[in-house]
Amino acid sequence: MIMDGDLHGLERTVEREMGLLRGLPDVAPRPECLARVQAAVRAEALRAARRGPLRRWVRVASGVAAAAALVFGWTTWSRATRGPALPDPEAVVAEWAAALDESNYCLRQLTTSGWARGDATRDAAAELDELLQGLDDSFERFEGL
Amino acid sequence: MDRTGLDELLRRARQRDADALGRLVELYSPRVFGLVYRLAGSRDAAEDLLQETFLRVVRVIGEYEHVGKFEAWLFRIAANLARDRARKRQRRGEGGVHDDANGATSARPAPAVADEPAEALERREAGERLAAGLQRLPDADREIILLRHYSELSFREIADLLHVPLGTALARAHRALQRLRRELSAEE
């Protein structure tokens with residue numbers, strides 16, 4: 001096991017050794033590449049600025065639609081079942097809303113960030129499976145309601 | 001750029017201000033390009049990665065919280081994209097192609113100039129040997145020393161960025177640098 005003092009010593013050694021890379025030839029993007037990147041970034045910034053309000057509107061609208069569907073589903077279900085062993089309706093609704101929130105968050109992350117969220121340890125395919133499973137579960141609960 | 005200037009620039013960039021984002025490209029593209037060029041091993045790939053990195057920045061900067069160093073966030077995006085690209089190439093059986101990363105500023109190593117002073121020629125050749133040696137290192141080892149060289153983050157920050165213990169990051173860097181030094185002395 002490496003102790004703190006050893007780590008400091010190793011860090012100092014490696015920092016000294018890093019001097020070797022000072023001999024690395026300089027590289028720079030070609031001016032035409034830089035111009036292309038600048039243009040692409042500006043265009044994307046404009047698109048993102050336009051998309052911002054639309055995305056917010058879609059989120060709000062989908063939230064309202066989900067709430068309406070939930071109320072409708074809840075009313076229908078409570079009319080149909082009047083047995084004594086009903087689950088706590090507030091808990092069911094809260095659970096479903098939390099699952100929907102989580103799905104929304106994952107979906108938003110997926111559409112805005114792709115997989116480069118800085119988390120190098122997560123497997124993209126597994127994360128996608130989780131997301132789809134989460135959506136499935138969410139719809140299943142909704143059907144149950 | 002001082003801390004206040006950068007804070008203000010990032011505040012505007014988070015609002016998708018095109019000028020502020022353009023300024024970030026201007027400020028950071030030389031170092032980001034250096035990193036992705038040495039990681040990807042070709043100028044064409046590096047140019048694509050540079051553009052992808054900054055497009056990703058535009059898309060996700062709204063979620064960036066300016067609490068640490070901006071470099072840590074930016075270089076993590078660049079390194080992740082370069083790693084994803086390398087994985088895809090490996091899956092397609094295209095790994096290990098480094099077409100020009102031992103050259104300097106052009107797509108191919110610059111030809112020797114007849115009247116180049118001996119000292120400059122020697123320095124250039126040593127630089128090319130160093131770049132070629134870097135390409136032969138294992139990807140994970142190369143990534144750490146290149147991140148340290150181009151991002152100017154500390155090894156501790158790089159270890160956090162790569163989600164590895166500091167000791168592992170240092171050990172990899174130490175091993176890579178020793179191997180490079182050995183190869184260079186053997187060639188001399």
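Throughout, protein chains are lettered first and strands after them, A, B, ... in sequence-line order, and every chain is numbered starting at 1. FYI, side chains are in, hydrogens and waters are out, and symmetry mates aren't considered; it's all heavy atoms of this structure.
Only the side chain of B:Y150 comes within less than 4.5 Å of a heavy atom in chain A; its backbone stays farther off. For a residue to count as touching a neighbouring chain, one of its non-hydrogen atoms must lie under 4.5 Å from one of that chain's; by this rule A:L46 does not touch chain B. For B:R31, no part lies near chain A; criterion is any non-hydrogen pair under 4.5 Å.
Annotation: side chain of A:R42 is in contact with side chain of B:D19 (closest heavy-atom distance under 4.5 Å). B:R38 has its side chain within reach of A:V27: a pair of non-hydrogen atoms, C-beta onward, lies under 4.5 Å apart. Side-chain atoms of B:L50 and A:C33, non-hydrogen and from C-beta on, do get closer than 4.5 Å to each other. When side chains are defined from C-beta on, A:E15 counts as touching B:F155, because their heavy atoms get closer than 4.5 Å. By the 4.5 Å heavy-atom criterion applied to side chains, B:L184 and A:L20 are counted as neighbours. In this structure, B:L24 and A:V41 have side chains that are not in contact, with every pair of non-hydrogen atoms separated by 4.5 Å or more. Contact check for B:L177 versus A:L21: side-chain heavy atoms found under the 4.5 Å cut-off.
Between A:E44 atom CD and B:R56 atom CZ the span is 10.5 Å, to the nearest 0.5 Å. Distance check, rounded to the nearest 0.5 Å: CG of B:L170 to CZ of A:R12 gives 11.5 Å. The CD atom of A:E32 lies 7.0 Å from the CD atom of B:E47; values are rounded to the nearest 0.5 Å. A distance of 5.0 Å separates CD of A:E17 from NE2 of B:H174, quoted to the nearest 0.5 Å.
In terms of heavy-atom proximity, B:G127 sits nearest to A:P25 at O-CD, 3.3 Å. Across all non-hydrogen atoms, the minimal contact from A:R36 to B:Q51 is NE-OE1, 3.7 Å. Taking both residues in full, the closest heavy atoms of B:L55 and A:A40 are given as CD2-O, 3.5 Å, listed atom of the first, atom of the second, then distance. Between A:P29 and B:P30, the shortest heavy-atom contact is CD-CA, 4.4 Å. Across B:L21 and A:A45, no two heavy atoms sit closer than the pair CD1-CB, 3.5 Å. In plain terms, the two heavy atoms of B:R43 and A:A28 that are nearest each other are NH1-O, 3.0 Å.
Remark: B:R175 pairs with B:D141 by the side chain to side chain donor-acceptor pair (under 3.5 Å) rule, at least two apart or across chains. In this structure B:E52 satisfies the side-chain contact (heavy atoms from CB on, under 4.5 Å) test together with B:L49, B:L81, sequence neighbours excluded.
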Inset, instruction - Tell me, with the steps shown, if A:Q38 and B:E26 meet side-chain contact (heavy atoms from CB on, under 4.5 Å). - result: CA-CA 8 Å; A:Q38 286 276 10; B:E26 210 176 291; 4.1 Å; yes

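Annotation: maximal heavy-atom pairing with chain A below 4.5 Å, among B:R148, B:R156, B:Q178, occurs at B:R148.
In this structure, B:D44 pairs ionically with A:R30, as a charged nitrogen and a carboxylate oxygen lie closer than 4.0 Å.
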